[in-house]
Amino acid sequence: MPRKLAAVLLAVAFMSGCGAEPGFTATLTDPVNVTLSWPDDDPNVAGRVVEYTTDPHGDYTILQFVPPRQTTYRHPDLIPETRFYYRIRPFYGAVSDDVTVSGSVVSGSGPAVSLRTGGQAAAPASFRAEPAAEEMVRFSWADRSSDEDGFLVEIRKPGAPDFVPIEMSDPGTTSAGLASMPGEEGASYRLRAFYYGTASPVVDRTTGKPTE
């Protein structure tokens with residue numbers, strides 16, 4: 001029998017700490033779905049990373065990197081009668097020029113500089129996007145930043161207004177691979193060296209018992 005969904009609105013509970021995103025909220029929109037929201041209050045942010053855990057003393061799992069003007073995220077189909085803890089972290093950084101598959105951006109080399117103080121000089125250099133076997137796209141670049149928390153491949157699909165993050169690589173890496181999906185033919189790509197800002201306070205929600 002299809003599940004009957006009952007909308008529930010609960011007050012926000014802040015778990016601990018102080019930091020960015022004071023308007024961060026979590027709403028249980030039905031027994032097993034949580035919607036997160038936050039204000040668009042930082043004109044310099046490159047985006048935000050949404051994270052969760054079921055253990056307030058454990059590690060957080062990344063749900064998604066979202067673009068800068070996005071202010072909501074839906075976490076669907078959760079385990080019933082379980083408490084979920086959420087936080088978001090802004091990220092910042094310098095981004096390469098965009099390329100298409102088989103294209104490249106060749107920019108100057110030089111000593112690595114700090115993302116926090118080096119500005120565009122810390123952006124990845126010689127960014128390339130090339131076709132690979134099994135409908136993959138292979139990315140490569142030169143790392144010019146000395147203190148990144150990682151790299152983000154961002155895509156702008158044909159007709160889309162903005163770039164969105166689709167793949168994260170570890171700090172110090174200079175290549176990544178990504179499966180090409182339908183609708184991405186002719187897309188533009190760019191690469192961002194990024195670092196995290198201050199994490200938000202933690203909010204939590206306990207999922208309900210599904211109604212059959």
Side-chain angles (χ1 to χ4, degrees), residues 12-27 29 33-78 83-96 98 114-116 118 122-124 127 139 141 143 145-157 160-179 181 189-205:
V12 177
F14 289 99
M15 289 299 298
S16 62
C18 60
E21 315 295 356
F24 181 40
T25 64
T27 301
T29 53
N33 292 275
V34 170
T35 296
L36 309 173
S37 63
W38 55 87
D40 182 14
D41 57 0
D42 185 346
N44 299 315
V45 73
R48 293 173 175 86
V49 57
V50 183
E51 302 174 310
Y52 87 99
T53 184
T54 55
D55 178 1
H57 305 293
D59 295 331
Y60 278 78
T61 297
I62 292 175
L63 287 170
Q64 189 170 339
F65 283 83
V66 300
R69 305 284 75 87
Q70 182 172 328
T71 58
T72 62
Y73 180 84
R74 183 171 180 265
H75 195 195
D77 303 324
L78 304 176
R83 177 171 281 187
F84 289 82
Y85 300 85
Y86 298 95
R87 71 182 186 189
I88 55 175
R89 288 191 284 173
F91 61 87
Y92 308 86
V95 69
S96 73
D98 56 276
S114 171
L115 274 174
R116 292 156 177 82
F127 180 49
F139 304 98
W141 61 89
D143 181 3
S145 53
S146 60
D147 54 359
E148 74 273 359
D149 287 325
F151 295 94
L152 286 174
V153 176
E154 301 177 352
I155 187 173
R156 184 174 62 197
K157 296 180 182 180
D162 300 309
F163 283 86
V164 296
I166 55 170
E167 179 76 4
M168 184 186 76
S169 293
D170 292 334
T173 56
T174 57
S175 64
L178 190 66
M181 304 298 291
Y189 299 91
R190 67 186 187 186
L191 184 75
R192 184 182 302 276
F194 76 92
Y195 65 94
Y196 292 112
T198 304
S200 71
V202 175
V203 297
D204 72 280
R205 283 292 172 267

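All residue numbers in this chain count up from 1 along the given sequence.
Interatomic distance, CG of Leu36 versus CD of Gln64, reported as 11.0 Å (0.5 Å rounding). Between the CG atom of Asp40 and the CZ atom of Arg69 there is a distance of 4.0 Å, given to the nearest 0.5 Å.
A heavy-atom distance below 4.5 Å is not found between the side chains of Leu78 and Arg205. A heavy-atom distance below 4.5 Å is found between the side chains of Tyr86 and Val34. Looking at Ile88 and Val49, their side chains never come closer than 4.5 Å, going by heavy atoms from C-beta outward. In this structure the side chain of Pro124 reaches within 4.5 angstrom of the side chain of Phe151, judged on heavy atoms. No side-chain heavy atom of His75 sits less than 4.5 Å from a side-chain heavy atom of Val50.
With sequence neighbours excluded, the residues satisfying ring-ring contact (aromatic ring centres under 6.0 Å, His included) with Phe65 are Phe91, Phe194. Residues that satisfy the ring-ring contact (aromatic ring centres under 6.0 Å, His included) test with Phe139, not counting sequence neighbours, are Phe127, Tyr189. With sequence neighbours excluded, the residues satisfying ring-ring contact (aromatic ring centres under 6.0 Å, His included) with Tyr92 are Tyr195. The side-chain hydrogen bond (donor to acceptor under 3.5 Å, both in side chains) check on Ser114 picks up Asp147, with sequence neighbours excluded.
Heavy-atom minimum distance, Val45 versus Pro90: CG2-CB, 3.6 Å. Nearest heavy atom pair, residue Leu115 against residue Ala94, reads CD2-N, 3.7 Å. The heavy-atom pair separating Ser145 from Ala122 by the smallest distance is CB-O, 3.6 Å. Taking both residues in full, the closest heavy atoms of Tyr196 and Met168 are given as OH-SD, 4.1 Å, listed atom of the first, atom of the second, then distance. In plain terms, the two heavy atoms of Arg156 and Asp162 that are nearest each other are CG-O, 3.6 Å. Residue Arg48 comes nearest to Gln70 through the heavy atom pair NH1-O, 4.3 Å, listed as atom of the first residue, atom of the second, then distance.
Contacts classified as side chain to side chain donor-acceptor pair (under 3.5 Å) and involving residues 50-59 (residues at least two apart or in different chains) are given here: Glu51-Arg87, Glu51-Arg89. Residue pairs meeting the side chain to side chain donor-acceptor pair (under 3.5 Å) criterion with at least one partner in residues 163-173, sequence neighbours excluded, are absent.
Using a distance-only test at 3.5 Å, with no hydrogens or angles considered, a donor-acceptor pair links the side chain of Ser96 to the main chain of Leu191.
Side-chain contact, Thr25 with Ser37: a donor N or O sits under 3.5 Å from an acceptor N or O.
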